Chemist: 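What follows is a single structure, and I will ask about it in a moment.
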Protein chains: 2
Amino acid sequence: MITRKDAATFFTRGYEKYLPHVSVDCVIFGFHRAELKLLLLKWKQANIWTLPGGYIGRRESLEAAAHRVLRDRTGLKNVFLHQFHAFGSTKRKEASIRKLFGILGLPVSRDAWPLGRVISIGYYALVDFSRVRPQADYLSDTCAWHAIDERPPLAFDHDDIVTKALETLRSSLDSPSLVATLLPERFTMPELQRLHEAILGRPLDRRNFQKKMLDRGIVERLAERRTGGAHRSPFLYRFTTQT
Amino acid sequence: MITRKDAATFFTRGYEKYLPHVSVDCVIFGFHRAELKLLLLKWKQANIWTLPGGYIGRRESLEAAAHRVLRDRTGLKNVFLHQFHAFGSTKRKEASIRKLFGILGLPVSRDAWPLGRVISIGYYALVDFSRVRPQADYLSDTCAWHAIDERPPLAFDHDDIVTKALETLRSSLDSPSLVATLLPERFTMPELQRLHEAILGRPLDRRNFQKKMLDRGIVERLAERRTGGAHRSPFLYRFTTQT
DNA sequence: CCAAAAGTGTTGCAATTACACCCATGC
DNA sequence: GCATGGGTGTAATTGCAACACTTTTGG
């Protein structure tokens, strides 16, 4: 978690700890009420929304940086992050960054290192919406979920990054390891289907979906059913541990 | 093309022109005598082979940087480059770089900026072997093609980069735009097949291959045949311009 | 005429798609 | 009992892989 003190030293001596000009940005997808959600940060006292992102430590691997940045800026831990693309934005607006640091009451020298051009490596992940408590860091007012197609416009080139991440996510849906992290240990077939539909943004045929999941050995049925709901009680399933 | 003068000013004031800590590396595939080739540079008077790579200009897009670096270091122009992955190597060996610059008779101060850790964005391309004259730059002895599985061991993490590029190339073979650049305007079906086989590293069925290419509308047959060779004269084909 | 390369067609399997019917549950 | 959602099956289609036969060409 970034504190006030961290932020204060960031502009003056951050380059000692971090590589300038390279950052990671995380596109975090969640799933709630049959909708795909996106985790966004709102800058303090400014109507600027961005992806959680940050710089890379001088001796830190890209992967490790992505995990640390995500934890520091949103509180999320133990997330499966996947690199998907590098973005060479020359759009970074000095003015926005100056404004934020003005609001925070922190000094920004004229040639402060983070005002320069930044190349950003994009990572995405799917996380279990209900098991996560997003927490804004010192730089932000809010860390909150947004429905994927009702999100506010994002700063810099972050809208492009989200678009590309969603594309990648959709095309990698056939590997079950990803979606496994979004559901509880045991789940019903309709639940799994809602999740796939939310990610793909289109409806799927119930019967074909079930057949595919079972034929491919992606999930296996348990003896138990989920009772209590209206209508017929659905079976419970779980992901098979094998490949 | 990098000259002696460029190299000399590179270590001292290069950071004014380029972003430190971020580079692009190009994996250039060629095709000759039914073999997939790889374009490599050998450092001057040292047995160190690397991919053509370089730094990114401060106001230059990633894409533009990849094209410029490739041209400067190998002489190749007008190549379709595709970004495929970012590599966060912490393996960069100071010693190698000092050695090269020692050989070149160029001074390297102790805290020279290019000695630091580098994050590299990988680009790959397929080029027409016969239309290209690779030319080594000032930093290199040799700029030469190597058969993909007889290449020398590469420095830094460049072997990983090649592996990943080859993976990406293979999985993107169904989009014809890539391979189109490797063949002349008009070509025979066997020629196209050899190319696919070289990329995939395995033989393909002649008949199924032909059917697929024609059914999908990837190529269309011309009236003409290629005469002069032994055996039956094959038809000529060309890529369809649509989609 | 024959070896080697090129052109054409058939068949079977597997995955995907579309669609129809039966079962359970709460109101 | 009936609307709603959940479970099962079947036929048509598509893409891919395996395989056999005919045609052309130079030697």
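Worth saying up front: this structure is predicted, and the values here are computed from it rather than measured. Here is how names work: the chains are called A, B, and so on, in the same order as the sequence lines, proteins then strands, and each is numbered from 1. When reading the values below, keep in mind they use all heavy atoms of this one structure, side chains included, and skip hydrogens, waters and symmetry mates.
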Chemist: Return all side-chain donor-acceptor pairs below 3.5 angstrom for residues 177-185 of chain A, not counting sequence neighbours, or 'none' if the list is empty.
Modeler:
unit_1, atom_1, unit_2, atom_2, d
A:Thr181, OG1, A:Leu126, O, 3.3
A:Thr181, OG1, A:Leu178, O, 2.7

Chemist: Report the residues that fulfil side-chain contact (heavy atoms from CB on, under 4.5 Å) with B:Pro234, sequence neighbours left out, ordered by chain and then residue number.
Modeler: B:Thr188, B:Arg226
Chemist: Rounded to the Å, how far apart are B:Leu204 CG and D:dA18 C1'?
Modeler: 14 Å
Chemist: Atom CG of residue position B:Asp215 - does it have more than 12 heavy atoms of other residues, nucleotides or ligands inside 6.0 Å?
Modeler: yes
Chemist: Test of understanding: with side chain to side chain donor-acceptor pair (under 3.5 Å), list the residues that count as partners of A:Lys44, not counting sequence neighbours.
Modeler: none
Chemist: Can you name the atoms? Protein N/O to nucleotides 13-15 of chain D N/O, anything below 3.5 Å, with the distance.
Modeler:
none

Chemist: What residues in residues 166-174 of chain A put a non-hydrogen atom under 4.0 Å from any atom of DNA chain D?
Modeler: none
Chemist: Between D:dG7 atom C1' and A:Leu214 atom CG, what is the distance in whole Å?
Modeler: 11 Å
Chemist: Check each of B:Arg221, B:Glu224, B:Glu191, B:Arg186 against B:Tyr237 using the side-chain hydrogen bond (donor to acceptor under 3.5 Å, both in side chains) test, and report the only one that passes.
Modeler: B:Arg221
Chemist: Nucleotide by nucleotide, 5' to 3', does protein get under 4.0 Å of the base (B), only the sugar-phosphate (S), or neither (-) in nucleotides 17-27 of chain C, counting heavy atoms?
Modeler: BBBB--BBBS-
Chemist: Whole-Å distance between D:dG5 P and A:Phe209 CZ?
Modeler: 18 Å
Chemist: Below 4.0 angstrom from OP1 or OP2 of C:dT8, is there any side-chain N or O of B:Gln210?
Modeler: yes
Chemist: Could you check how far CZ of A:Arg221 sits from C1' of D:dG6, rounded to whole Å?
Modeler: 10 Å
Chemist: Please work out which of the three classes, parallel, tilted or perpendicular, describes the rings of B:Phe239 and B:Phe187, given edges at 30° and 60°.
Modeler: tilted
Chemist: Take the angle between the ring planes of B:Tyr124 and B:Phe29 and call it parallel below 30°, perpendicular above 60°, tilted in between.
Modeler: perpendicular
Chemist: How would you list all residue pairs meeting salt bridge (charged side-chain N to carboxylate O under 4.0 Å, His left out) that involve residues 228-239 of chain A, not counting sequence neighbours?
Modeler: A:Glu220-A:Arg238
Chemist: Listed by chain and number, what are the side-chain contact (heavy atoms from CB on, under 4.5 Å) partners of B:His231, not counting sequence neighbours?
Modeler: none
Chemist: Tell me which pairs pass salt bridge (charged side-chain N to carboxylate O under 4.0 Å, His left out) where either residue lies in residues 166-175 of chain A, with sequence neighbours left out.
Modeler: none
Chemist: How long is the line joining OH of A:Tyr237 and P of D:dG6, in whole Å?
Modeler: 11 Å
Chemist: Anything under 30° is parallel, anything over 60° is perpendicular, the rest tilted; go ahead and classify B:His146 against B:Trp49.
Modeler: perpendicular
Chemist: Got a sec, which residues hit side-chain contact (heavy atoms from CB on, under 4.5 Å) with A:Ser61, two or more places apart in sequence or on another chain?
Modeler: A:Glu63, A:Ala64
Chemist: Under 4.0 Å, heavy atom to any atom of DNA chain C: which of residues 189-201 of chain B qualify?
Modeler: B:Pro190
Chemist: Looking at residues at least two apart in the chain, or sitting in another chain, which of them share a side-chain contact (heavy atoms from CB on, under 4.5 Å) with A:Ser130?
Modeler: A:Asp128
